[in-house]
Amino acid sequence: MNFEFSEEQNMLRDQARSFLADKCSLRNVREILDGDAPFDAEAWRGMIELGWTGTAIPEEYGGIGMGYLELCVIAEELGRSLAPTPFSSSVYLFAEAILTAGSEEQKKQYLPGIATGATIGTLAVFEGPHAPSPKNIKAKAANGLLSGEKMPVPDGDVADFAVVAANSDAGLSLYIVDLSDDSVTAQSIKTLDPTRSHAKINLSETPGELLGNEGDGWNILGQVFNAAAVLFAFEQVGGAQAALDMGKEYAMTRFAFGRPIATFQAIKHKLVDMYVATELARSNCYYGAWALDTHSTELPIAAATCRISATDAYHESSKENIQIHGGMGFTWEFDCHLFYRRSKLLSVNLGGEPRWKDMLISRLEQASA
Amino acid sequence: MNFEFSEEQNMLRDQARSFLADKCSLRNVREILDGDAPFDAEAWRGMIELGWTGTAIPEEYGGIGMGYLELCVIAEELGRSLAPTPFSSSVYLFAEAILTAGSEEQKKQYLPGIATGATIGTLAVFEGPHAPSPKNIKAKAANGLLSGEKMPVPDGDVADFAVVAANSDAGLSLYIVDLSDDSVTAQSIKTLDPTRSHAKINLSETPGELLGNEGDGWNILGQVFNAAAVLFAFEQVGGAQAALDMGKEYAMTRFAFGRPIATFQAIKHKLVDMYVATELARSNCYYGAWALDTHSTELPIAAATCRISATDAYHESSKENIQIHGGMGFTWEFDCHLFYRRSKLLSVNLGGEPRWKDMLISRLEQASA
Amino acid sequence: MDFNDTPAEAEFRAEVRTWLKANVPHRDKAAESEAELIRRAKSWQAKKADAGWACLHWQKEYGGRSASPIESVIWQQEESKYDVPAGIFAIGQGMCGPTMATYATEEQKQRYLPPMARGDEIWCQLFSEPAAGSDLAGLRTKAEKDGDDWIINGQKIWTSGAHYSDYGILVTRSDPTVPKHQGLTFFFVDMKSPGIEIKPIKQISGASNFNEVYFTDVRIPDAHRLGEVGDGWRVSITTLMNERLAVGSAGGPDFADIFRLAQNIEINDQPAIKDRAVRDRLATWYCETNGLKFTKFRTQSALSRGETPGPEASIAKIVSAKKLQDIGSFGMDLMELGGIMMDENVMLEDGMFQGAFLGAPGLRIAGGTDEILRNIIAERVLGLPQDIRADKGVSFNEIPTSR
Amino acid sequence: MDFNDTPAEAEFRAEVRTWLKANVPHRDKAAESEAELIRRAKSWQAKKADAGWACLHWQKEYGGRSASPIESVIWQQEESKYDVPAGIFAIGQGMCGPTMATYATEEQKQRYLPPMARGDEIWCQLFSEPAAGSDLAGLRTKAEKDGDDWIINGQKIWTSGAHYSDYGILVTRSDPTVPKHQGLTFFFVDMKSPGIEIKPIKQISGASNFNEVYFTDVRIPDAHRLGEVGDGWRVSITTLMNERLAVGSAGGPDFADIFRLAQNIEINDQPAIKDRAVRDRLATWYCETNGLKFTKFRTQSALSRGETPGPEASIAKIVSAKKLQDIGSFGMDLMELGGIMMDENVMLEDGMFQGAFLGAPGLRIAGGTDEILRNIIAERVLGLPQDIRADKGVSFNEIPTSR
């Protein structure tokens with residue numbers, strides 16, 4: 001039984017943590033929150049230099065081909081630090097889509113740019129405030145030209161390429177789109193989590209290159225979302241742990257009624273509940289990492305499991321961290337809300353928890369059939 | 001605004017409480033728990049003498065015609081005292097069914113016996129461990145003869161008459177059955193709550209008298225269940241309050257670590273949560289009582305609301321009362337389990353909470369359409 | 001048991017309705033500045049006061065109507081049906097007023113209460129401090145006697161409306177050498193006094209409903225002391241009791257809003273309201289919403305009978321703040337990634353779900369945290385004993401404040 | 001990261017499998033008396049011991065195998081695949097054994113440990129008392145020195161297996177005049193001693209897994225004392241640490257069972273599993289079940305690396321006891337009124353949901369209540385400070401025990 005990360009992987013974690021503590025502290029996150037920049041360019045450059053963007057991309061496509069376990073380690077640290085960079089859009093979403101469904105040529109064309117950080121990619125699926133489905137996606141594709149409105153698109157205002165979901169005659173399909181095309185407009189939109197950039201993208205007869213088989217888009221998205229769910233779940237666990245640590249620290253130093261508030265059972269047991277949720281999520285994440293890394297047939301189940309439990313843990317932990325901080329907790333000045341905002345973003349970015357729970361049971365039904 | 005019981009109703013409550021404390025204490029309940037008697041005959045006789053069985057039955061049918069508010073007051077006290085009698089079967093179920101769908105003749109024939117306590121009635125709908133529906137009810141009726149197996153039937157082993165749900169050619173219909181007929185066998189069955197008697201009843205070509213229109217059975221049952229839901233909700237609130245009081249009392253007298261356990265926030269806040277749930281349920285019950293008493297069109301919504309919230313309150317309160325009692329809480333000797341058992345019985349006896357929640361939303365959809 | 005007014009109540013309600021119908025000013029919906037809001041609020045309040053509809057249950061001689069509690073409730077019910085400015089006088093009239101009425105001199109009451117009732121002067125409450133929130137009696141703002149004056153130094157926080165207030169009620173520590181509840185002294189203070197500095201606090205919702213208030217050598221005449229020297233805790237309790245009565249349910253999306261959203265949004269290509277998991281949650285919220293509504297009715301019935309309702313009102317805040325947070329969060333879950341959009345042109349329902357998600361954490365804390373309210377219900381309603389007190393009988397300046 | 005054994009572990013596992021396959025006795029499923037169960041358990045334990053498979057991680061000289069912790073885990077995993085009698089030695093071998101190993105004399109260890117390992121002698125643990133449950137150190141069973149003996153008077157409770165045990169470990173109060181943790185003394189005792197009376201306790205599930213044990217002038221030689229006089233608390237901690245390691249997840253219906261029930265039962269005329277509200281709950285339980293399973297794998301990985309796992313195992317009990325209660329309750333909700341039937345012929349799934357509903361309350365309490373376990377996790381895992389102690393430094397006989 002070896003259900004832990006290896007020594008090398010833990011070394012990578014230490015490096016990542018110390019890099020992020022240095023270059024991507026909560027001070028940096030606040031600069032993005034309060035400023036106009038869509039992401040932290042310096043931190044992003046640093047990550048590229050460390051080769052993180054190429055972690056799980058095979059060497060033949062310009063990556064360093066370490067593997068998914070290493071990417072999970074990095075994801076957890078990115079989540080802990082709330083890194084305001086387009087990492088997830090480019091690496092978990094765009095690169096995964098290309099790796100999942102791309103032709104050899106497409107992989108050669110698009111992955112090296114992602115791996116080296118020369119280009120940023122993203123995935124454009126959602127079309128406003130509702131759950132997307134093959135039926136209700138309005139973006140259209142005909143003769144290799146795409147038209148429609150996508151929002152919010154994560155990092156849509158800074159990405160060079162996007163994989164776009166659109167309906168063609170054959171059904172929902174995916175297309176690679178060059179966002180620098182004149183027919184594209186991208187407009188930043190205000191969201192609940194200003195530390196991560198999102199845009200509204202308009203396509204108007206925009207050239208798109210088919211990714212995977214026509215009509216196979218929903219199926220491919222499902223696969224991409226499974227991989228991304230594991231990676232985002234590590235970000236969620238990293239965030240949940242950071243919020244727990246923050247709450248714990250505050251509870252031990254804040255005094256009321258002549259004693260640290262951590263001595264009150266209401267606070268103490270709240271912290272334990274946050275810890276328990278986070279540990280369960282972490283264990284499920286390990287399962288997800290194993291399934292992702294070994295290309296296990298259990299991945300669809302493992303991905304849903306770790307997403308649901310990490311979503312729950314981060315929500316509880318970030319929400320109750322505010323509560324532990326009392327009045328200061330709901331001020332802009334304290335950092336509690338940064339985790340609370342990010343927690344909500346990550347709980348809906350691949351579809352909401354209600355839908356993931358439904359999918360989990362469907363997958364278990366299939367597995368038991 | 002007069003959203004409280006009247007002075008007279010509160011006097012009735014005081015009388016009821018003192019009668020029950022005297023004739024139907026938890027000691028009496030335990031005798032039924034541990035013994036063979038299906039119910040407490042002496043307490044039952046006392047209730048009859050006080051006229052409780054005729055509270056809401058109009059005078060022309062032999063009742064005392066006080067009304068539903070008075071019946072709600074009595075129900076709350078019955079719930080608080082865990083009264084082991086066939087009151088609810090006879091009064092909330094059988095009498096309500098006759099009042100709802102009976103012909104003038106049927107009312108004259110059956111209600112006086114219920115009102116005076118000369119006869120006991122019940123309602124036989126369920127057919128084993130699953131949710132009943134017009135489709136899956138197997139009991140059959142043809143030419144006025146009924147065949148099938150009903151279980152569990154509350155007080156089916158002591159009742160004289162039952163309203164039985166059975167499918168005829170016209171669909172689900174209700175029939176009044178004389179349980180003393182030779183074609184009927186009734187066998188007591190062991191249940192989670194031995195303080196209330198339940199039976200398996202077999203009908204074999206048993207004569208049944210149609211109640212209401214043929215094929216209208218499910219609809220009538222819905223109406224009967226709405227009225228019964230309000231009355232049982234008062235029993236549930238009574239029980240929830242009793243369990244809360246019991247937990248509070250214990251927490252104030254039990255010492256650990258040199259102090260009453262009620263001083264620990266874990267216990268204190270648990271009691272508050274029990275209290276909050278019980279108060280919300282009580283307020284919803286008042287709404288239910290008002291709707292029942294005024295024959296309001298809001299009754300279907302009010303009934304579902306008070307049932308759901310009373311079910312929740314009693315479950316929480318009876319469950320956490322055990323927890324507050326620690327080791328003693330899960331012994332047979334302490335009374336905690338009596339409330340816990342009753343709470344579960346009352347949460348499923350008119351169908352489970354999941355189905356009531358569904359019905360509530362359906363009714364709200366209709367109301368908003 | 002009914003929802004009806006008594007004949008006397010019905011008559012009163014009719015009078016209220018008639019007056020309101022004739023007098024509520026027209027308003028165009030355009031957003032307005034805070035200054036404009038205050039002007040409009042003062043104008044409405046003055047109009048009410050002049051007609052005898054301000055602070056109904058206050059005595060007539062202090063600007064009220066000497067009305068019964070149930071009449072106050074009826075007024076509130078009727079007034080709340082109109083879009084009239086509210087809120088900026090709530091703390092003054094709800095908390096400062098009763099405190100002044102109990103502890104000020106007759107002259108002071110005549111001087112300060114009528115303009116407070118009429119809205120000519122706005123009041124705020126200066127209680128909480130950075131190190132004294134849930135543990136209010138741990139406050140450290142210093143009051144030192146200097147001749148006939150007191151010199152105040154320290155910092156208050158979470159003061160709503162400090163920047164537009166004319167007066168404030170203030171609790172200070174006048175003696176740090178005695179146990180904490182015994183060394184407090186209570187004042188009212190002119191908010192324009194030299195040495196008072198006010199800074200807004202930005203909340204996570206982006207709004208700034210609260211302030212920090214700094215006191216540097218602020219002078220208060222001893223005549224503005226309320227209660228005896230060292231008896232400030234008892235005076236504070238008067239104020240806080242009234243706070244708890246004033247605490248209502250949370251604003252923001254409620255059952256009706258999430259019900260409407262669920263009818264209008266799809267999940268798996270059918271209206272979300274058809275999804276049983278969604279129905280399950282909606283049912284729970286409906287029962288809570290309704291339970292609170294009818295609990296309020298019960299309280300009003302008690303008022304109607306002339307009884308004083310207890311701190312049971314705390315239930316409303318505990319339940320509704322959590323519900324608000326859950327509804328906000330779940331609303332966004334239904335909207336999926338699009339739920340994070342807070343762009344006016346594309347968000348649903350004016351962004352009320354996002355607003356609830358960001359605003360609810362504050363509601364769970366302001367006016368007593370969930371945890372403190374549970375303590376209050378436990379002790380005042382259920383009669384449970386207090387927690388062990390580490391600071392009991394200890395001189396304030398010897399109470400541990402860090403490790 | 002993988003689920004595989006190391007080569008050495010795989011080899012060991014193969015050896016275990018081979019032996020078990022050859023030696024597990026056949027058993028017909030008929031219900032059996034307690035006496036029969038004990039006979040069968042003793043026989044299987046003796047067989048294991050004779051082949052070197054008893055108490056694997058104990059030293060060989062005391063009846064064990066001197067195996068590594070991970071080897072013990074592998075043994076347990078493999079043995080648990082068979083329907084062999086278990087449980088009656090768990091307290092002795094899991095808690096009494098390690099305590100004896102730490103505190104008994106060499107001679108005593110040689111006398112008592114091998115028969116304990118072989119199951120020839122059964123041990124029980126005499127700790128809790130009616131007034132000392134969560135607050136174990138508040139126990140009052142009196143030990144008074146009388147020559148070379150001690151005289152014991154008092155009452156213990158929650159003693160599993162007291163009636164079939166040969167020996168027990170016992171903690172007593174030898175000095176009530178010093179603070180509570182300082183006046184305890186620890187013994188082992190012959191359960192057949194005169195003056196010991198044992199009464200079964202009936203639980204709400206109807207089972208009687210525990211006893212009350214009364215001590216009336218029971219004599220224990222001083223030589224059977226474990227640890228110094230007054231040092232009983234420290235000895236108890238050794239025992240309790242081992243209890244926490246021994247605490248596993250709850251038995252009874254788990255995700256797979258409620259999943260199966262939901263597939264087989266209908267709600268609104270379709271399988272319950274198709275109901276989204278049911279799916280929602282099932283998903284939550286699956287994630288918890290899986291989370292606990294993989295947490296256990298992480299613990300085993302730590303064992304495999306030779307590390308000692310911490311009290312994180314307490315998580316399992318908190319989560320699984322609550323889950324068990326919820327699943328039991330929800331299973332009955334799906335069965336509606338028929339869910340209350342506990343009649344063998346008509347109940348579903350052997351009544352496991354009803355059993356869970358009645359058994360789970362005990363699981364939330366026995367071996368540490370949910371609340372005590374949260375304190376333990378808070379203090380030992382998260383490093384949070386202890387609650388204020390009302391009884392700190394107070395002589396035991398002056399600690400308040402009632403109002």
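By convention in this document, chain letters (A, B, ...) are assigned in the order of the sequence lines, proteins followed by strands, and residues within each chain are numbered from 1.
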Enquirer: Give me the ring orientation class for B/Tyr340 and D/Phe357: parallel if the planes are under 30° apart, tilted from 30 to 60°, perpendicular past 60°.
Expert: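 Plane angle under 30°, so parallel.
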Enquirer: Looking at B/Cys336, B/Gly329, B/Pro152, B/Pro354, which one has more heavy-atom pairs under 4.5 Å with chain D than the rest?
Expert: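 Maximum pair count with chain D is reached by B/Pro152.
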Enquirer: Using non-hydrogen atoms only, which part of B/Pro194 is less than 4.5 Å away from chain D: side chain, backbone, both, or neither?
Expert: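 Contact with chain D involves no heavy atom of B/Pro194 at all.
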Enquirer: State, to 0.1 Å, how close D/Ile365 and B/Gly326 come at their nearest heavy-atom pair, and which atoms those are.
Expert: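 Scanning both residues, the minimum pair turns out to be CD1-O, 3.3 Å.
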Enquirer: Would you compute the distance between atom CD of B/Gln187 and atom CG of D/Asn345 and round it to the nearest 0.5 angstrom?
Expert: 8.5 Å
Enquirer: By a 4.5 Å heavy-atom criterion (distance strictly below it), what part of D/Ala272 contacts chain B: side chain, backbone, both, or neither?
Expert: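 Neither part.
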Enquirer: D/Ile204 and side-chain contact (heavy atoms from CB on, under 4.5 Å): which single residue from B/Leu338, B/Thr331, B/Ile322 fits?
Expert: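 Of all the options given, the one that passes is B/Ile322.
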Enquirer: Output the option from D/Gly133, D/Ala131, D/Gly359 having the highest count of non-hydrogen pairs under 4.5 Å with chain B.
Expert: D/Ala131
Enquirer: If you round to the nearest 0.5 Å, how far is CD of B/Gln323 from CD of D/Gln325?
Expert: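 The distance works out to 8.0 Å.
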Enquirer: Counting only non-hydrogen atoms closer than 4.5 Å, does B/Glu320 touch chain D with its backbone (N, CA, C, O), its side chain (CB onward), both, or neither?
Expert: side chain
Enquirer: Which pair of heavy atoms, one from D/Leu348 and one from B/Pro129, lies closest together, and at what distance?
Expert: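 Where D/Leu348 meets B/Pro129 most closely, the heavy atoms are CG-CG, 3.5 Å.
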Enquirer: So which atom in D/Ile388 and which in B/Arg259 form the shortest heavy-atom distance, rounded to 0.1 Å?
Expert: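 Closest pair (atom of D/Ile388, atom of B/Arg259, distance): O-NH1, 3.2 Å.
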Enquirer: How long is the gap from CD1 on B/Ile324 to OG1 on D/Thr369, to the nearest 0.5 Å?
Expert: 11.5 Å
Enquirer: Please classify the contact of B/Asp193 with chain D as side chain, backbone, both or neither, using a heavy-atom distance under 4.5 Å.
Expert: neither
Enquirer: When you look at B/Lys344 and D/Asp333, which way does the side chain to side chain contact (heavy atoms under 4.5 Å, CB included) test go after all the steps?
Expert: CA-CA 9 Å; B/Lys344 195 67 216 174; D/Asp333 284 343; 2.8 Å; yes
Enquirer: Would you mind telling me which of B/Pro134, B/Ser133, B/Gly128, B/Ala131 has the largest number of heavy-atom pairs within less than 4.5 Å of chain D?
Expert: B/Ala131
Enquirer: Check whether B/Pro260 gets within reach of chain D through its side chain, its backbone, both or neither, counting any heavy atom under 4.5 Å.
Expert: side chain
Enquirer: Hey, is CD on D/Gln270 packed in by over 12 heavy atoms from elsewhere, all under 6.0 Å?
Expert: yes
Enquirer: Against chain B, label D/Lys180 side chain, backbone, both or neither, depending on which of its atoms sit under 4.5 Å from a heavy atom there.
Expert: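 Looking at D/Lys180, just its side chain touches chain B.
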Enquirer: For the CE atom of B/Met151 and the CD1 atom of D/Ile340, what is their distance to the nearest 0.5 Å?
Expert: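 Rounded to the nearest 0.5 Å, the CE-CD1 separation comes to 11.5 Å.
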Enquirer: Using a 4.5 angstrom heavy-atom cutoff, name the option from D/Ile399, D/Asp370, D/Ile267 with the most pairs to chain B.
Expert: D/Asp370
Enquirer: Test side chain to side chain contact (heavy atoms under 4.5 Å, CB included) on D/Leu358 and B/Arg341; report intermediate values, then the result.
Expert: CA-CA 8 Å; D/Leu358 293 176; B/Arg341 292 173 190 278; 3.9 Å; yes
Enquirer: Work out which heavy atom in D/Ala390 is nearest to a heavy atom in B/Phe257; give both atom names and the distance.
Expert: CB-O, 3.7 Å
Enquirer: So which atom in B/Ala266 and which in D/Glu371 form the shortest heavy-atom distance, rounded to 0.1 Å?
Expert: CB-CG, 3.8 Å
Enquirer: Which region of D/Leu337, side chain (C-beta onward) or backbone (N, CA, C, O), has a non-hydrogen atom less than 4.5 Å from a non-hydrogen atom of chain B, or is it both or neither?
Expert: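 D/Leu337 touches chain B through backbone and side-chain heavy atoms alike.
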Enquirer: Just verifying a value: how many Å separate D/Asp343 CG and B/His198 NE2, rounded to the nearest 0.5 Å?
Expert: 13.0 Å
Enquirer: With chain D, which of B/Lys319, B/Lys270, B/Glu353 has the greatest number of heavy-atom pairs at distances under 4.5 Å?
Expert: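 Going by pairs under 4.5 Å, I would pick B/Lys319.
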Enquirer: So with a 6.0 Å cut-off around CG of D/Asp350, is the heavy-atom count from everything else above 12?
Expert: no
Enquirer: Ignoring hydrogens, what is the shortest heavy-atom contact between B/His315 and D/Ser329? Give both atom names and the distance.
Expert: CE1-OG, 3.5 Å
Enquirer: Rounded to the nearest 0.5 Å, how far apart are CD of B/Glu333 and CD1 of D/Ile201?
Expert: 8.5 Å
Enquirer: Any idea which of D/Val346, D/Val394, D/Asn375 has the most non-hydrogen atom pairs under 4.5 angstrom with chain B?
Expert: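 Of D/Val346, D/Val394, D/Asn375, D/Val346 has the most heavy-atom pairs under 4.5 Å with chain B.
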Enquirer: By a 4.5 Å heavy-atom criterion (distance strictly below it), what part of B/Lys357 contacts chain D: side chain, backbone, both, or neither?
Expert: neither
Enquirer: Which is it for B/Met328 and D/Ile157 under the side chain to side chain contact (heavy atoms under 4.5 Å, CB included) test, yes or no, and what are the steps along the way?
Expert: CA-CA 10 Å; B/Met328 300 318 295; D/Ile157 197 170; 4.2 Å; yes
